[in-house]
Number of protein chains: 4
Amino acid sequence: MKRIETDTGLNTSDDSTRERIVKSAREEFVAHGFTGSRVERIAKQAGVNKAMIYYHFKSKENLYHAVVEETLSHSFERLHRRVSDTANLEDALREIVTTHTELMTGFEGFRPIMLRELANPSSEFLDRLAAIIVNSGLPATIRRRIESGIKVRAIRQVDIRQAVTAFMAMSIGYFLMAPLSERIFQVSDPDKFTEDRKKAVPDIFLNGIRTR
Amino acid sequence: MKRIETDTGLNTSDDSTRERIVKSAREEFVAHGFTGSRVERIAKQAGVNKAMIYYHFKSKENLYHAVVEETLSHSFERLHRRVSDTANLEDALREIVTTHTELMTGFEGFRPIMLRELANPSSEFLDRLAAIIVNSGLPATIRRRIESGIKVRAIRQVDIRQAVTAFMAMSIGYFLMAPLSERIFQVSDPDKFTEDRKKAVPDIFLNGIRTR
Amino acid sequence: MKRIETDTGLNTSDDSTRERIVKSAREEFVAHGFTGSRVERIAKQAGVNKAMIYYHFKSKENLYHAVVEETLSHSFERLHRRVSDTANLEDALREIVTTHTELMTGFEGFRPIMLRELANPSSEFLDRLAAIIVNSGLPATIRRRIESGIKVRAIRQVDIRQAVTAFMAMSIGYFLMAPLSERIFQVSDPDKFTEDRKKAVPDIFLNGIRTR
Amino acid sequence: MKRIETDTGLNTSDDSTRERIVKSAREEFVAHGFTGSRVERIAKQAGVNKAMIYYHFKSKENLYHAVVEETLSHSFERLHRRVSDTANLEDALREIVTTHTELMTGFEGFRPIMLRELANPSSEFLDRLAAIIVNSGLPATIRRRIESGIKVRAIRQVDIRQAVTAFMAMSIGYFLMAPLSERIFQVSDPDKFTEDRKKAVPDIFLNGIRTR
DNA sequence: GATGAATGAGATTTCATTCAT
DNA sequence: AATGAATGAAATCTCATTCAT
């Protein structure tokens with residue numbers, strides 16, 4: 001049943017009924033949010049009877065949790081592999097931007113779900129995502145690298161939390177607000193733009209904190 | 001962080017029924033999104049009969065538009081006054097961060113509405129907000145200042161769009177993802193942190209693009 | 001809105017929607033029990049939209065409570081009026097049998113509801129009914145009359161609780177098991193039989209406890 | 001009150017799947033009535049798959065019939081042995097009260113099923129139970145004994161049907177309404193109370209119809 | 001302007017029953 | 001004999017909207 005993960009980590013060819021339901025549900029929740037989603041539509045899309053959904057998941061809410069679970073386990077696998085045997089700060093930062101990019105562009109659904117959960121102050125999703133990120137070791141790695149950089153005077157005496165937060169915002173916050181950015185600065189080739197970011201963001205950030 | 005109400009462009013002391021409805025509606029839409037919001041609850045909160053809402057606004061959607069309108073007119077007022085006769089790039093950047101901060105923290109509801117609209121690709125709200133931002137002149141000002149900076153070799157030959165976008169992400173994207181950041185880096189005093197950002201962000205960014 | 005009570009205490013001509021719903025609901029619950037009853041049928045019978053039922057009562061359970069309430073308030077009025085200015089024990093017993101008879105035959109629905117509630121050990125209905133009966137003063141009156149009868153040796157030294165319980169069983173228990181009795185002893189004229197009981201039961205009981 | 005299981009006619013140690021299903025079904029039907037009972041719950045309780053129930057019984061209704069059958073065969077065994085060569089009326093009455101007591105208290109479930117069937121005018125269960133009671137010969141015996149009592153003037157000229165019915169109500173009707181009685185007259189020791197009844201009821205009844 | 005009552009359409013959920021294995 | 005998965009039909013409940021007053 002375990003299958004080799006595709007590049008997106010998304011298991012699209014497993015057609016066990018349960019998987020088919022989760023898949024349809026993800027699409028539906030992504031497109032309409034929780035309340036806007038219709039169990040009927042999810043069922044039809046999955047090619048099953050509505051009752052089947054209640055057989056496998058007990059409620060619409062449960063089904064949503066299952067989708068969130070899947071979305072998160074995906075991001076978990078993504079992050080875990082990247083962690084930390086990067087040679088230096090620059091490589092680590094590149095890794096993060098790349099990972100975030102893949103997360104936000106490669107897994108259709110992660111972004112909208114995250115956006116909506118960000119509007120929900122007591123979101124379990126965010127709790128779990130934060131835990132995943134922390135456990136991946138990336139924030140600690142960055143912090144440590146910056147600290148040693150400061151010690152050897154390669155990096156200025158910046159407020160580390162401000163610096164790391166700013167970097168996260170550049171890396172992941174960008175994707176959240178992308179539709180607004182795209183409206184403000186007409187981006188003609190978004191793919192190239194996203195690709196360029198992978199270099200531009202670490203570059204600006206590193207120069208921003210480096211000693212001169 | 002507490003601000004004088006009249007300054008927000010939000011007339012909270014007008015007790016006309018219509019205003020009371022819009023106020024409740026805003027709270028409801030902010031808390032539950034469009035589909036999750038209940039006309040009944042809005043009515044009860046406003047202390048009126050449900051039918052009254054249909055008397056004043058013709059539909060739930062209409063009411064939502066009214067709320068969005070209000071939210072946007074607010075952000076418009078916010079941005080309009082600031083425009084651009086700032087002395088230099090650094091001042092301009094500070095102005096932007098400050099404006100964004102006020103926008104996101106000063107008007108309860110702006111953030112959640114924006115988050116949810118960001119999940120909606122054909123959002124009218126984003127169209128209008130982008131227009132407001134563009135019309136405020138700030139992006140053009142920044143761009144121009146960077147361009148002249150490059151010309152006189154004060155600023156490196158960076159990709160301007162990437163730079164401006166990165167700055168925007170740091171400035172406004174941060175607020176969108178704040179609940180996640182707060183979970184990852186335990187921020188004990190968010191008000192002070194937000195205040196510090198007003199200096200830290202332009203500092204990192206400017207150093208990031210300056211020649212050395 | 002208050003109207004003169006008919007003989008049954010059942011307000012059948014009040015056609016406010018709420019009343020019509022309760023009336024249909026009573027019929028439905030009586031005929032099918034709680035789980036067997038259908039909100040749809042109740043609505044149709046009351047000539048209203050299903051949603052109307054949820055507008056007036058919040059749930060099916062609530063509606064059931066309302067029916068029970070009505071049934072009980074009815075029995076309450078019934079009993080309250082009869083209380084206790086009966087001249088002697090015999091009159092008091094006749095009063096009880098008459099009241100029980102009216103309750104069980106006059107108010108279509110009391111019996112089935114009571115039967116089903118008797119099968120439910122933690123029934124609120126029974127709690128309330130017991131309270132009504134106790135508060136009517138009848139049990140205390142009977143008990144007191146028997147006690148004084150014993151004192152003056154008109155009545156034998158019987159176990160009073162057993163006696164009163166036995167009488168209650170004869171009076172009200174009979175109606176509960178009537179369908180069984182009717183099957184065992186073919187009763188050709190049930191109305192006359194019920195009428196005769198009003199004398200026969202006190203007669204047997206009184207002779208049963210009298211001294212000789 | 002605790003009785004030896006084999007005596008009840010209920011084979012509780014037969015672990016065949018079929019028996020386990022009937023046992024769970026009885027508990028379920030007793031607790032929730034027919035419409036309130038859930039096939040799913042019965043299956044789970046019996047430790048089998050829902051489909052198994054449909055394999056053994058064809059439908060929920062069929063299963064209910066099986067339970068009723070079992071309940072009736074039980075009451076049949078209960079009553080069968082007692083028949084009527086009791087020495088005198090008093091002994092016969094005691095026999096009946098004892099039998100009824102055992103019927104109602106000895107077989108968990110008999111009472112609730114009977115109560116609910118009593119609400120159902122065309123109940124097959126009642127038909128069959130009445131037949132069993134009639135066939136046991138007890139009612140005829142009582143009637144005959146009363147008739148001869150009247151002939152020899154040991155018993156008053158009472159309406160025999162009324163008398164027998166009243167006795168039945170005292171004997172069996174009591175159990176039906178017991179939860180109400182217990183609420184009205186706080187009975188602290190129900191076991192003793194039930195035991196005392198076995199003497200009190202025939203005593204009151206006999207004195208009630210005896211000549212003086 | 002304002003309300004209580006009403007509604008149609010449709011949402012989520014339940015349940016007895018059957019099918020394929 | 002036994003199961004997990006599936007289903008059709010229907011149940012309870014919800015909600016934006018309208019009507020009569």
Side-chain angles (χ1 to χ4, degrees), chain A residues 16-18 20-21 32 34-43 46-64, chain B residues 16-18 20-21 34-43 46-64, chain C residues 16-18 20-21 32 34-43 46-64, chain D residues 16-18 20-21 32 34-44 46-64:
Chain A
S16 84
T17 298
R18 212 195 124 93
R20 259 167 32 238
I21 292 172
H32 304 100
F34 182 76
T35 34
S37 292
R38 297 295 167 246
V39 174
E40 171 93 61
R41 276 198 298 250
I42 294 170
V48 295
N49 188 292
K50 249 190 303 181
M52 208 59 231
I53 287 181
Y54 288 88
Y55 175 76
H56 281 291
F57 309 85
K58 296 277 200 186
S59 65
K60 187 187 180 186
E61 195 152 343
N62 237 295
L63 176 55
Y64 183 71
Chain B
S16 81
T17 298
R18 210 195 128 92
R20 272 188 358 259
I21 292 171
F34 182 75
T35 41
S37 292
R38 298 295 167 247
V39 175
E40 173 85 58
R41 275 198 299 249
I42 294 170
V48 296
N49 188 286
K50 243 198 303 186
M52 212 57 233
I53 288 180
Y54 287 86
Y55 176 79
H56 281 291
F57 307 85
K58 295 278 210 176
S59 66
K60 187 188 180 185
E61 196 153 347
N62 241 301
L63 177 55
Y64 183 70
Chain C
S16 83
T17 298
R18 213 197 125 93
R20 262 169 28 239
I21 292 172
H32 305 100
F34 182 76
T35 32
S37 291
R38 297 294 168 248
V39 174
E40 170 93 59
R41 277 199 297 251
I42 294 171
V48 294
N49 188 292
K50 248 189 308 180
M52 209 58 231
I53 288 182
Y54 289 87
Y55 174 75
H56 281 293
F57 309 86
K58 296 279 200 186
S59 65
K60 188 188 180 185
E61 195 152 343
N62 237 296
L63 177 55
Y64 183 71
Chain D
S16 82
T17 298
R18 210 195 127 92
R20 268 180 12 249
I21 292 172
H32 304 102
F34 182 74
T35 41
S37 292
R38 297 293 167 249
V39 175
E40 172 85 60
R41 275 198 299 247
I42 294 171
K44 184 166 285 176
V48 296
N49 188 285
K50 244 197 303 187
M52 213 56 233
I53 288 180
Y54 286 86
Y55 175 79
H56 280 292
F57 307 84
K58 293 276 208 178
S59 66
K60 188 189 180 184
E61 195 153 347
N62 241 302
L63 177 56
Y64 183 70

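In what follows, chains carry the letters A, B, and so on, assigned in the order in which the sequence lines appear, proteins first and then strands, with residues in each chain numbered from 1.
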Notebook entry, point to check: In whole Å, what is the span from the CE atom of C/Met52 to the P atom of F/dT12?
Noted result: 18 Å
Check: Looking at E/dA11, F/dT12, E/dT3, which one has an atom nearest to any side-chain atom of C/Arg38?
Finding: F/dT12
Check: Whole Å only: how far is the NZ atom of D/Lys44 from the C1' atom of E/dA16?
Finding: 16 Å
Check: In dot-bracket form, how is DNA chain F paired, counting a Watson-Crick or G-U wobble pair only if both its distances are under 3.5 Å and using | for bases paired to another strand?
Finding: .||||||||||||||||||||
Next item on the list: Output all residues satisfying ring pair (Phe, Tyr, Trp, His ring centres under 6.0 Å) with C/Tyr64, sequence neighbours left out; order by chain, then residue number.
Entry: C/Phe29, C/Phe34
What pairs of nitrogen or oxygen atoms, one from the protein and one from nucleotides 17-21 of chain E, lie under 3.5 Å apart?
{"unit_1": "E/dT17", "atom_1": "OP2", "unit_2": "D/Tyr54", "atom_2": "OH", "d": "2.9"}
{"unit_1": "E/dT17", "atom_1": "OP2", "unit_2": "D/Lys60", "atom_2": "N", "d": "2.8"}
{"unit_1": "E/dT17", "atom_1": "O4", "unit_2": "D/Lys50", "atom_2": "NZ", "d": "2.9"}

Notebook entry, point to check: Is D/Thr35 touching bases, backbone alone, or none of the nucleic acid, heavy atoms closer than 4.0 Å?
Noted result: nothing
Checklist line | Phosphate OP1/OP2 of E/dA6 contacted by C/Thr17 side-chain N/O (<4.0 Å) | finding: yes
Checklist line | Between E/dG4 (C1') and C/Ile21 (CD1): distance, integer Å | finding: 13 Å
Notebook entry, point to check: Between atom CZ in B/Arg18 and atom C1' in E/dA2, what is the gap in whole Å?
Noted result: 16 Å
Notebook entry, point to check: Start at the 5' end of DNA chain E and walk down; is the nucleotide closest to A/Phe34 or to B/Tyr55 reached first?
Noted result: B/Tyr55
Next item on the list: Sticking with atom P, work out how far F/dA20 lies from E/dG1, rounded to a whole angstrom.
Entry: 22 Å
Notebook entry, point to check: Going from NE2 on C/His56 to OG1 on C/Thr17, what distance comes out if it is rounded to the nearest 0.5 angstrom?
Noted result: 5.0 Å
Notebook entry, point to check: Nearest nucleotide by nearest heavy atom, which residue falls closer to the 5' end of DNA chain F, C/Ser37 or A/Gly47?
Noted result: A/Gly47
